[in-house]
Amino acid sequence: MQKSHSDLKVKSKIWIEIGGEPVFGSGRRRLLKAIEAHGSISQAARAVRVSYRKAWSHIEAMEERLGMKLVERRVGGKHGGGATLTRDAQRFLEKFDRLEEGLAGIVDRKFTKLFGKIR
């Protein structure tokens with residue numbers, strides 16, 4: 001019995017590198033979005049299931065390689081610390097999202113052109 005492939009889909013993944021070193025991709029996007037949602041690097045790290053140290057390392061690497069501050073940090077104290085995304089980070093995320101959406105459309109059209117409708 002032949003299996004139906006009507007749900008066959010093509011997927012693509014995009015990331016940004018500088019000098020062969022990863023700068024930004026889906027994992028780091030999830031981290032920034034989690035910081036935005038939780039207002040905390042430690043809570044964001046837990047949400048995306050990485051250690052605080054790894055999250056901090058990713059943030060530092062992104063900021064250094066992109067040459068812009070992405071996360072504003074507030075040190076703990078009487079009312080606790082926290083973190084928010086900078087306006088540059090928000091703009092960068094918006095652009096990356098648009099790039100990814102555009103790429104998905106191109107890949108979908110190319111897939112359909114080459115493979116047609118698969119039954």
Side-chain angles (χ1 to χ4, degrees):
M1 182 170 193
Q2 191 171 4
K3 198 173 190 179
S4 169
H5 295 288
S6 61
D7 60 345
L8 190 64
K9 295 178 185 173
V10 64
K11 296 287 183 180
S12 60
K13 188 174 181 180
I14 188 169
W15 63 93
I16 299 170
E17 293 182 354
I18 295 177
E21 294 293 323
V23 175
F24 198 79
S26 59
R28 294 174 190 207
R29 176 180 54 196
R30 279 192 307 277
L31 175 61
L32 290 183
K33 296 265 187 181
I35 291 169
E36 186 174 46
H38 296 284
S40 159
I41 296 172
S42 60
Q43 287 180 22
R46 279 193 294 277
V48 298
R49 298 179 180 211
V50 298
S51 69
Y52 176 83
R53 184 176 179 175
K54 184 160 193 106
W56 184 253
S57 170
H58 284 326
I59 294 165
E60 286 181 323
M62 287 186 289
E63 289 182 339
E64 180 183 323
R65 293 175 189 153
L66 291 171
M68 70 175 86
K69 190 153 183 80
L70 299 173
V71 179
E72 288 290 339
R73 303 133 180 111
R74 292 180 311 281
V75 215
K78 184 177 179 182
H79 300 291
T84 56
L85 297 186
T86 65
R87 185 66 191 128
D88 284 340
Q90 292 168 348
R91 281 192 288 262
F92 188 85
L93 282 169
E94 290 166 6
K95 289 177 183 179
F96 189 82
D97 287 347
R98 287 197 316 260
L99 173 66
E100 202 167 50
E101 288 168 10
L103 178 67
I106 291 167
V107 171
D108 288 345
R109 285 189 298 278
K110 184 75 170 185
F111 179 81
T112 301
K113 181 179 178 181
L114 292 172
F115 292 93
K117 299 268 186 208
I118 299 187
R119 300 180 231 159

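Numbering of residues begins at 1 and proceeds along the displayed sequence.
- Atom OG1 of Thr86 and atom NZ of Lys69 lie 8.5 Å apart (nearest 0.5 Å).
- The minimum heavy-atom distance between His38 and Ala47, with the atom names listed, is NE2-CB, 3.6 Å.
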List the atom pairs, with distances to 0.1 Å, where a side-chain N or O of residues 99-111 and a protein N or O form a donor-acceptor pair under 3.5 Å, not counting sequence neighbours.
residue, atom, partner, partner atom, Å
Glu100, OE1, Arg29, NH1, 2.5
Glu100, OE1, Arg29, NH2, 2.8
Arg109, NH1, Gly105, O, 3.3

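- Looking only at atom types and distance, the side chain of Arg87 has a donor-acceptor partner in the side chain of Gln90 under 3.5 Å away.
- For the side chain to side chain contact (heavy atoms under 4.5 Å, CB included) criterion with Ile35, the lone passing option out of Val48, Ile59, Leu70 is Ile59.
- Atom CG of Leu66 sits about 8.5 Å away from atom CZ of Phe24, to the nearest 0.5 Å.
- Atom CD in Glu63 sits 13.5 Å away from atom NE2 in His58 (nearest 0.5 Å).
- Interatomic distance, Leu32 CG to Met62 CE, rounded to the nearest 0.5 Å: 4.0 Å.
- For the residue pair Gly25 and Phe96, the shortest heavy atom distance occurs at CA-CZ, 4.1 Å.
- Between Arg73 atom CZ and Ser40 atom OG the span is 12.5 Å, to the nearest 0.5 Å.
- Here the side chains of Leu85 and Val71 are in contact, with some heavy-atom distance below 4.5 Å.
- Of all heavy-atom pairs between Pro22 and Arg28, the closest is O-NH1, 3.4 Å.
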Could you list the donor-acceptor pairs under 3.5 angstrom formed by side chains in residues 11-18, with sequence neighbours left out?
residue, atom, partner, partner atom, Å
Trp15, NE1, Glu17, OE2, 3.0

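- Taking CD1 of Ile41 as the reference point, atom CZ of Arg74 lies at 10.0 Å (rounded to 0.5 Å).
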